[in-house]
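Data first, discussion second: the structure below is written as structure tokens.
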2 protein chains.
Amino acid sequence: MSDASYVNPLRGVSAVDGTNKAKIERAALWLFAEHGVDGVSTKSIAQRAGVSEGLLYRYFKNKETLARELMRAIHIRLTEMIMAAASREAGLADQVSFIVRHYCEIADDDWTLFRYHILHLHHFPSLSDAAGHSSGGGWPNSPHMAAVKLLSAAMEAGVIARGDANILAAMALGVVLQPAQAKVLGAFDGPLSAHVPLFEAGVLSVLNLTKEA
Amino acid sequence: MSDASYVNPLRGVSAVDGTNKAKIERAALWLFAEHGVDGVSTKSIAQRAGVSEGLLYRYFKNKETLARELMRAIHIRLTEMIMAAASREAGLADQVSFIVRHYCEIADDDWTLFRYHILHLHHFPSLSDAAGHSSGGGWPNSPHMAAVKLLSAAMEAGVIARGDANILAAMALGVVLQPAQAKVLGAFDGPLSAHVPLFEAGVLSVLNLTKEA
DNA sequence: CCAAAATGAGTGATTACTCACTTACTTTGG
DNA sequence: CCAAAGTAAGTGAGTAATCACTCATTTTGG
């Protein structure tokens with residue numbers, strides 16, 4: 001529970017302030033999440049934001065840039081949160097707890113932004129592709145790669161059995177991400193955070209299994 | 001291993017035969033998987049299929065219908081596979097093994113179709129929405145709901161601890177689905193089936209945890 | 001010889017984006 | 001103190017390209 005040092009940064013996406021730029025971002029975000037980037041017209045964004053269509057191009061180079069900027073905000077936010085977990089030194093269980101809790105917190109905090117990330121990340125290959133999965137020693141640039149790095153370190157330290165960290169990271173993330181996707185698709189209501197203890201137990205369970213495999 | 005009674009039905013999506021209808025379906029499928037329904041023009045489908053644009057409308061009412069028919073094929077296929085697992089009576093572990101193995105098999109068998117399902121199911125609310133999550137006693141019409149039904153029965157029978165079958169089903173599915181998504185996004189290569197034993201162990205591990213919770 | 005298959009030019013609607021212009025402030029100079 | 005000049009914000013009609021879809025016509029195969 002002692003993670004007061006980590007603050008959830010909300011950068012890139014303006015909160016709901018009065019500026020027209022923020023209005024455009026929130027309007028675009030909701031429409032992109034709902035209909036996908038290619039399913040939304042600049043006209044509809046301007047209408048929803050209550051501004052003229054031309055104004056979009058004062059703040060953003062084009063529609064695609066606007067869409068990418070929004071995606072980058074949540075993508076980086078999630079990635080850095082997992083990196084923050086990896087830098088903690090209270091053990092793997094603590095790191096898992098940290099990630100699960102903050103992941104749900106970030107999702108609940110701006111559900112539209114999170115929904116956009118879950119549903120439409122694949123629209124941006126540069127953020128999600130093999131480019132982002134480079135196994136080099138550099139900084140991980142996706143939640144998945146950050147998790148891989150964390151688990152690789154745990155394997156190195158002998159905390160969990162050695163194995164394919166890439167697959168194991170995906171399995172562990174899936175325990176939280178699939179319920180999130182299910183909620184996005186309407187399978188249940190209420191905050192994701194309500195299920196944090198269940199998710200934590202599930203992730204730890206998946207990680208421990210490698211001991212006997 | 002004794003599931004010879006279950007045959008993987010490939011219905012709806014023509015295999016690669018010589019007919020122009022099949023050519024159109026395969027061309028559209030690949031483009032839809034790659035760029036999303038709204039990111040693909042009828043012109044590009046016709047070009048890739050090597051037929052005229054007008055021919056699309058002899059076989060399909062419109063672009064959206066074509067896209068939905070393809071999605072329905074894989075969606076129903078996965079749902080019925082899980083229902084087939086639920087009707088087996090050799091115990092939960094056997095059912096899990098059946099689902100994991102056949103899920104990976106279906107994915108590997110037509111990776112483009114599976115990729116389309118993973119990335120773009122949300123484009124069809126009628127297939128993925130709360131409508132498909134109706135908790136009534138009718139037939140489940142999504143993989144998620146079929147899994148919920150299976151786990152509810154297991155809870156009823158006392159095989160696993162009672163709990164929120166909706167969330168638990170999502171967690172269990174996530175152990176397989178998230179690696180699948182990771183592969184779709186390029187995190188690793190090779191067939192999904194290569195990891196079946198690991199997935200099986202992971203799913204069982206997640207399900208057993210409820211015993212002590 | 002004809003019905004079904006296939007074509008591709010054509011339709012009106014919609015697209016992302018531009019640009020000449022207005023409006024609302026702020027800064028400057030006497 | 002205040003008019004003039006300058007600047008950034010905002011507008012919306014306009015543009016060329018593309019969109020999904022239609023249909024009169026031609027090709028094909030039995």
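To find a chain, count down the sequence lines: A is the first, B the second, and so on, and within it residues start at 1. What's counted below: heavy atoms across the whole structure, side chains too, no hydrogens, waters or symmetry copies.
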Any side-chain heavy atom of A:D110 within less than 4.5 Å of one from A:I74? no
Name every residue in residues 31-40 of chain B that has at least one heavy atom under 4.0 Å from any atom of DNA chain C, in order of residue number, or write none if there are no such residues. none
What is the separation between atom CD1 on A:I45 and atom C1' on C:dT14, rounded to the nearest whole Å? 15 Å
side-chain contact (heavy atoms from CB on, under 4.5 Å) involving A:P197 - partner list, sequence neighbours excluded: none
Here the ring pair (Phe, Tyr, Trp, His ring centres under 6.0 Å) pairs for residues 39-86 of chain A, sequence neighbours left out, are A:H75-A:H117
B:R68 and B:S126, any side-chain heavy atoms less than 4.5 Å apart: yes
I'd like a table of donor-acceptor pairs (distance under 3.5 Å, sequence neighbours excluded) in which one partner is a side-chain atom from residues 43-55 of chain B, with atom names and distances.
unit_1: B:S44; atom_1: OG; unit_2: B:S41; atom_2: N; d: 3.4
unit_1: B:S44; atom_1: OG; unit_2: B:S41; atom_2: O; d: 2.7
unit_1: B:S44; atom_1: OG; unit_2: B:S41; atom_2: OG; d: 3.4
unit_1: B:E53; atom_1: OE2; unit_2: B:T42; atom_2: OG1; d: 2.7

Report, one pair per line, the protein and nucleotides 18-24 of chain C atoms (nitrogen or oxygen only) whose separation is under 3.5 Å.
none

I want to check one thing: is the phosphate of C:dA6, taken as OP1 and OP2, less than 4.0 Å away from some side-chain N or O of B:R58? no
Of all nucleotides in DNA chain D that come within under 4.0 Å of a heavy atom of chain A, which is furthest toward the 5' end and which toward the 3' end? D:dA9 to D:dG12
May I have the distance from A:Q47 (atom CD) to C:dT15 (atom C1'), rounded to whole angstrom? 14 Å
Euclidean distance, atom CG of residue B:L56 to atom C1' of C:dA6 [Å, nearest integer]: 11 Å
Contact class for A:T42 (heavy atom, under 4.0 Å): base, sugar-phosphate, or nothing? base
Residues that B:E156 engages under salt bridge (Lys or Arg N to Asp or Glu O under 4.0 Å), provided they are two or more places apart: B:R162
From CG of A:L66 across to C1' of C:dA16 the rounded distance in Å is 13 Å
I need the full list of ring pair (Phe, Tyr, Trp, His ring centres under 6.0 Å) pairs touching residues 164-185 of chain A, with sequence neighbours left out, sorted by first then second residue. none
With side-chain hydrogen bond (donor to acceptor under 3.5 Å, both in side chains) as the rule and sequence neighbours excluded, what pairs involving residues 30-40 of chain B come up? B:E34-B:R115
How would you list, by chain and number, every residue that makes a ring-ring contact (aromatic ring centres under 6.0 Å, His included) with A:W111, sequence neighbours excluded? A:F114
Given atom CZ of B:F60 and atom P of C:dA5, what is their separation to the nearest angstrom? 14 Å
Please list every donor-acceptor pair under 3.5 Å in which a side-chain atom of residues 174-186 of chain A meets a protein atom from a residue at least two apart or in another chain.
unit_1: A:K183; atom_1: NZ; unit_2: A:G190; atom_2: O; d: 3.0

How would you list, by chain and number, every residue that makes a side-chain contact (heavy atoms from CB on, under 4.5 Å) with B:A67, sequence neighbours excluded? B:F32, B:V37, B:Y116, B:F124
